[in-house]
Each structure stands twice: as structure tokens, then as C-alpha cells.
Amino acid sequence: MTRSDTVRALVLLAAAPLALAATACSAPPDPVAAPAPAAVRTDALDLPAETRARLADAEQSLVRDCMARQGLSFFYDPADPAGLRAEAAAQNQNLTLDDVARARREGFGPAGDSPEQSASRAEEREREYLAGLSSQRRDAWGKALMGPPGQRRIEVDVPGVGAMKHPTAGCFAKARTELFGDYEKWVRANTFVNTRFQPVDKEVGESPEYEQATSRWSACLRARGGGQRFATPDDARARASSLPRDQAIALAVATAECDRQVGRSKTHRDLYEQATRHWIDRHRTEAADFRRLNAEATARLATATAGPGAHADPATNPRSPRPRRSSAAWRVAVLRSA
């Protein structure tokens, strides 16, 4: 198994998810609250944050136990439902550009040059642990986690995305088999569901209704004067990034008010839900398997007298209030540098 194979597998396996008015707007009506991000993408394919957190903790606990049986250590942070909800809100931001209150608070969103989040306790301990291993032992750690070279791989060919290969050996595969039962079926379903955004976004972007709503938004902003000529909200966002904060906020608010007045984001959300239903119609088996296997795993955890993820690992930092990156994301960086 090559290092690049390991990285690709980890990235994919972690993919444990967005009324017509006049074209000119002068004084927009008082804004009402935009739909909460949690209400977006109501396609029954995005698991609730608490469910995702419980499944993630159970999986990581099973991986830890599997590695321990081979005399190796594995560290993880308990999943944070609040952090998962924040991630979902960020992913859904383009579907709620009519949120005027958010625009007044944040502009177009957090600054892109925000300081990088510091490593968690589990990240630090794992890096220290791997650095202290010999190259032979570190190689054994990677093989125990992701399986040996030459193993049979599950290949999932996703239309419009490409072929993706998943290991069938190693502690990640064993943990998911124990947690979800039919591992191969879960891998296929999970891969399809977590790559659905590309074809869904493509269908939305090619919709005449979406183009017309964006044109109405552009005309509304242009009618306000001040040289505000933008073809898309992305153009406005790019311009705001070079402005002083007060001007960037003003542009974001104008963008949101025009969006709300002409119904651009509402059109976007309606088209997104429609495109998601079309995607489900094309992939009924994968969508049904994803729902069923996750529901069964959640039910087993709920009825277990001591769920695998019920207790925090002593190597973790459960009191940290900040959202953390997924364990697989930072583990990729560790493997790259090992």
C-alpha cells in the first residue's frame, strides 16, 4: 500500500455533510430571519449532528481497541456535535445568502486569514507517539490501521466523480464492519451519498431559474448605485475581501437584502432540494442503504448496555469547546510527514 493510497483512502473514508420580484430594489422591506442552516438540505441524507458524533465516537473507539490488540496506540478526540453543526452551517452558507442579520454580524463570513487552529491533545500525542517509533514500527502502525499492500480493495465508481478505492483490511475496515455490518454495502452507499454535492450543484448551476434569479440579484444591486456591478455573489465576496471591514460589511448587507428581495437564495434552496430528489431517484439503492445501515448502527448503539463510544478516551480533550477537525483529516497530515 503506497503512502498516496493511504491518504486517498483516509480522506474518502472520513467523508463522514445546499416568488419573483422587481429587478430594481430601492428600500428593501425589513428582513425576516433566513431559514436556519439546519433546515437546508432536508433530504434525509444528512444525519443529525448528535447521531454523527455518536457513530464517529463508536468507530474511533473500535479502531483504538483493534490497534491496542496489536500492541499499537491510537488517539482520537470525542466528536463535538456543536462543531459538526458549525461545519454544516458553513457548507450551507451559499444557500442562505439572504440572511441579512448574519451579513450584518459577519459580512461574507470569517476572514480567510484566520489563524490556523492549534492541534488537539490527541493530535499532539499521536504525533509524539509516531515520532518515537522506528521506521519499521511506524510502517507496521500504518498497515495495522489501513491494511497491508496487495489487499483486495472495494472500488466504487461514482459517475461524474471517478473511481475510488477503499481498503478491506486494517482496523478502520474492521471497525466499520463491526459498526455497520455489511461493510462493502456501507462503503458504496457512504461514498455515493458524500459525493452527491457535485452533481447536485451542477444541476442547480445549469438551471435557467437559477441563472434568472442571479440576474435579478445583480440588477437589484446595480440599481443601488455606487458602482456595485457584480454578476454573481462570488464576485461581490471577492471584492469585499479587499475592502475595509465596514465597507465589506455594507456590501454583504446590500447583497443579502437584494438576495432576499428578489428571492435568489429561496430559488437556490428550492432547486437544491429538487436536484437532490433527482439524485436520489437515480441512486435509490445507495440512498436506501445509507439510511438503513446508519439507522441500524445507531439503534444498536442505543440499545447496547455500554456503547463503544460511551466513554471518552483518556488521551483526548473533551473539555475543549472549539470545533475540531476530523481525526482522519489530521491523521493524513501525520502520515504524509511520517
Side-chain angles (χ1 to χ4, degrees), residues 17-41 80 82-118 197-198 200-201 204-205 207 209-272 321-325 329:
L18 331 114
L20 302 181
T23 57
C25 47
S26 51
D30 293 337
V32 295
V40 178
R41 296 181 180 175
D80 177 14
L84 295 175
R85 281 190 290 272
E87 289 176 9
Q91 291 168 357
N92 289 330
Q93 188 172 26
N94 283 340
L95 293 170
T96 56
L97 293 180
D98 52 355
D99 189 336
V100 179
R102 184 183 68 202
R104 288 198 177 102
R105 290 193 313 270
E106 306 172 7
F108 282 100
D113 57 353
S114 299
E116 185 176 349
Q117 191 177 88
S118 60
F197 305 109
Q198 182 172 325
V200 167
D201 286 337
V204 171
S207 166
E209 294 93 332
Y210 179 78
E211 294 179 359
Q212 292 162 10
T214 301
S215 294
R216 294 196 304 273
W217 168 86
S218 179
C220 171
L221 203 59
R222 186 168 60 251
R224 287 180 171 234
Q228 299 185 126
R229 296 177 177 272
F230 303 105
T232 69
D234 284 340
D235 294 341
R237 186 195 307 272
R239 174 63 177 142
S241 67
S242 64
L243 296 175
R245 177 166 174 76
D246 60 337
Q247 295 179 31
I249 291 287
L251 178 54
V253 170
T255 293
E257 289 176 343
C258 272
D259 188 307
R260 177 169 292 282
Q261 175 130 350
V262 305
R264 182 189 174 280
S265 283
K266 181 181 185 305
T267 298
H268 191 177
R269 289 189 292 271
D270 291 344
L271 291 171
Y272 196 97
R322 297 180 302 166
R324 292 289 184 187
R325 290 169 287 173

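Small disclaimer: the values here were computed from a predicted structure and weren't measured.
Atom CZ of R222 is separated from atom CH2 of W217 by 10.0 Å, given to the nearest 0.5 angstrom. The CZ atom of R260 sits 12.5 Å away from the SG atom of C220 when rounded to the nearest 0.5 Å. Interatomic distance, D259 CG to T255 OG1, rounded to the nearest 0.5 Å: 8.0 Å. The distance from the NZ atom of K266 to the CG atom of L271 is 10.0 Å, given to the nearest 0.5 Å. R229 contributes atom CZ, which lies 13.5 Å from atom CG of D235 (distance to the nearest 0.5 angstrom). A distance of 11.5 Å separates OH in Y210 from OH in Y272, rounded to the nearest 0.5 Å.
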Take R237 and N94 through the side-chain contact (heavy atoms from CB on, under 4.5 Å) test and state the conclusion after the steps.
CA-CA 11 Å; R237 186 195 307 272; N94 283 340; 3.0 Å; yes
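When every heavy atom of A103 is checked against every heavy atom of A252, the shortest pair comes out as CB-O, 3.7 Å. Looking at every heavy atom in both residues, T267 comes nearest to R216 through OG1-NH2, 4.1 Å. Closest heavy-atom contact between C258 and L221: SG-N, 3.4 Å.
The shortest side-chain heavy-atom distance between R102 and L97 falls under the 4.5 Å cut-off.
Listed for the S218 side chain is a donor-acceptor partner under 3.5 Å among the backbone atoms of F230. Of the possible polar contacts, none joining the S265 side chain to the H268 backbone as a donor-acceptor pair under 3.5 Å is found.
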Distance-only donor-acceptor hits, side chain of residues 239-246, under 3.5 Å, sequence neighbours excluded:
from, atom 1, to, atom 2, distance (Å)
R239, NH1, S242, OG, 3.2
S241, OG, A238, O, 2.5
S242, OG, R239, O, 2.9
R245, NH2, R105, O, 3.1

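Side chain to side chain, R264 and T214 meet the donor-acceptor criterion of an N or O pair below 3.5 Å.
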